[in-house]
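Working notes for the structure below.
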Amino acid sequence: YTGLINLIYIRAAIRERTGRELTLEAVRDYLLQEKLITPAEAADENLIFRGYDEFFETDEASTRIESIEYLIEKEASDEDE
């Protein structure tokens, strides 16, 4: 047991099997009701994925390209050695 519970995967499995779309909170509550998770695990605020907003400025999947020309010496005097 790794201590990690992926409610999103569990919710997807429930949806595939039953056709019902549950909230992550409902999935957590069902797991607790069935004693598949402990009350301490259910109370963990990090159990439910809230997105990456607290770690990244935007949801955009892009990179910033910066010039590195200033890092390269303009004279290559040691190239022949």
Side-chain angles (χ1 to χ4, degrees):
Y1 175 67
T2 64
L4 299 175
I5 302 166
N6 192 323
L7 294 181
I8 295 171
Y9 285 149
I10 296 169
R11 177 176 65 179
I14 292 170
R15 181 180 55 230
E16 181 67 28
R17 183 76 174 183
T18 68
R20 292 186 59 205
E21 179 72 35
L22 302 174
T23 65
L24 294 176
E25 291 83 0
V27 172
R28 177 203 56 211
D29 294 345
Y30 283 129
L31 292 174
L32 181 61
Q33 180 181 337
E34 295 296 323
K35 297 183 177 17
L36 297 171
I37 62 174
T38 66
E41 289 170 319
D44 182 357
E45 66 182 30
N46 294 314
L47 182 63
I48 295 177
F49 179 71
R50 297 179 308 275
Y52 293 107
D53 293 345
E54 63 187 281
F55 305 109
F56 300 101
E57 294 175 10
T58 68
D59 288 338
E60 183 179 329
S62 65
T63 59
R64 179 176 45 209
I65 299 174
E66 297 179 9
S67 174
I68 62 166
E69 294 298 321
Y70 69 95
L71 298 173
I72 301 171
E73 292 183 29
K74 297 298 180 188
E75 293 185 32
S77 59
D78 298 329
E79 284 186 12
D80 293 333
E81 294 179 3

Answer yes or no: does atom CG of L71 have more than 12 heavy-atom neighbours from other residues, nucleotides or ligands under 6.0 Å? yes
Enclosure of E21 CD (heavy-atom neighbours >12, cutoff 6.0 Å): yes
Can I14 and Y30 be said to form a side chain to side chain contact (heavy atoms under 4.5 Å, CB included), step by step? CA-CA 11 Å; I14 292 170; Y30 283 129; 5.6 Å; no
Pairwise distance [atom1]([X]) to [atom2]([Y]) - rounded to 0.5 angstrom:
| X | Y | atom1 | atom2 | value |
| --- | --- | --- | --- | --- |
| I5 | D44 | CD1 | CG | 8.5 Å |
| R11 | E25 | CZ | CD | 9.0 Å |
| I10 | L24 | CD1 | CG | 10.0 Å |
| L32 | L47 | CG | CG | 10.0 Å |

Should E41 and R28 count as an ion pair when the cut-off is N to O under 4.0 Å? no
